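Chain naming here is simple, since letters A, B, ... match the order of the sequence lines and numbering starts at 1 in each. Since the model is a prediction, treat every value here as computed from it, not as a measurement.
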Amino acid sequence: MIFDPIVDALLIAIALCLAWIFSLLRVIDRTENGKKELEQSKTEFVSLASHQLGTPATAIKWYTELLLDPKNLYSEAKNHYGAAIYEANQRMIELIDSLLNVSRIEVGRLAIKPGFVDIVDLSKKVAEEMRPLAVAKQVSISWHVTNPIPIMTIDPQLLRIVVQNLLSNAIKYTLREGKITVSIYSKNSKVYLSVADSGIGIPTKDQHRIFDKMYRAGNALKQTADGSGLGLYLVKSVVGLLGGSITFESAETVGTTFYVILPLKNNEHMEGNLLKQ
Amino acid sequence: MSKTILIIEDEMLLRRPMAIKLESEGFTVLEGQNGKTGLDIALAAHPDLILLDILMPEMDGIEVLKKLRGDVWGKTAKVVVLTHLNNMEKIAEAAEYGAKEYIVKSDIKLDDLTEKVKTVLA
């Protein structure tokens, strides 16, 4: 078929218009999806803030009322109220830290500032901070450290996020009188950290999503409504930023072990506000 | 004889202070740590009032309420729903099953809780 130049030009114009309309539709679709994602994020945040922050905040208020009540004079009871306030406050701090760090990671504003770090010392300090929670559940934490572990060049704040979240999860999902074992050794310019618990384990069907943001395994949801689903997402992101890797082994009702491998020297220094600009 | 209150709330950090306060006010308090055990206790003990959390593992508060209303005694059991700020839809759903009163946990003091309990039981 032979087209005269006018029809030819018209067909080209129509094709260009269609291409432009389709591209516009794609932009609109992306914008609509963006709006939906934004709305969903807002809803998720409100839900998280309302329940996960609301619970410890209310607990602190109510236990403080009991502490201040002149009728409650028994020191034993007051110790119990104090421990509950500590637990609630710790839960708030962890959630706020997680929210801030997730936000920093997602907008590329998490800075990496390497320093000289003794990973054993740092891990034991984190564990000490969590001791009241472990003691309350009669969960024991044992250490297997193959000495000597060289001093690492790594961002201490980011390493702390990793250790803190793994230990916190281990305590939370280990039943009363359970056991947690932290192992650390160094080989070939790498440091190997593992946190093993005798907890509820991760069901096989949930294992592929366990590092997803705000995802919680079915048995974790059944055990407690407390949990943001941010911890492991954050750990995976941070380990990646530190040049390391994370894997796990888990069996339901038996327990979970997370294995983290980190470079002994991570000299990369990044100013957070430059990451995505 | 003291009135019996059943608190069905999975968060021990919230359940215990409510129980301590209500016990100090002379009530007998029973505690259910999740929806399923809470429902079992309710049907066995027939408390005068149930304080029922909405968001819980195992069985949520709405499900507890539905099952409760299917029981001869539970049909007319007094229930006050415990909730958080953003659960207004759930409160409306609970109201359909006869939970006329609700408490936004973060909004109240333990003294307010006691007053609410006394008012509902009066």
Which bit of [X] comes within less than 4.5 Å of chain A, counting heavy atoms only: side chain, backbone, both or neither?
X         : answer
Asn34(B)  : neither
Leu113(B) : neither
Met12(B)  : backbone

Quick one: pull up CZ in Arg69(B) and OH in Tyr97(B) and give me the separation to the nearest 0.5 Å. 11.0 Å
In terms of side-chain heavy atoms, does Thr28(B) have a donor or acceptor partner in Ser2(B) at a distance below 3.5 Å?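 There is such a pair (donor and acceptor under 3.5 Å, judged by atom type) between the side chains of Thr28(B) and Ser2(B).
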Between the side chain of Asn101(A) and the main-chain N/O of Asp97(A), is any donor-acceptor distance below 3.5 Å?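 The answer is yes, because a donor-acceptor pair under 3.5 Å joins these two groups.
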Using a 3.5 Å distance criterion without hydrogens, assess whether the side chain of Asp69(A) forms a donor-acceptor pair with backbone atoms of Glu65(A). no
Per-residue contact mode, Ala84(A) against chain B (heavy atom under 4.5 angstrom): both
For residues Ser198(A) and Thr174(A), report the shortest heavy-atom separation together with the two atoms involved.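 So the minimum-distance heavy-atom pair works out to OG-CG2, 3.7 Å.
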Heavy-atom pairs under 4.5 Å with chain B: which of Trp62(A), Tyr63(A), Tyr81(A) has the most? Trp62(A)
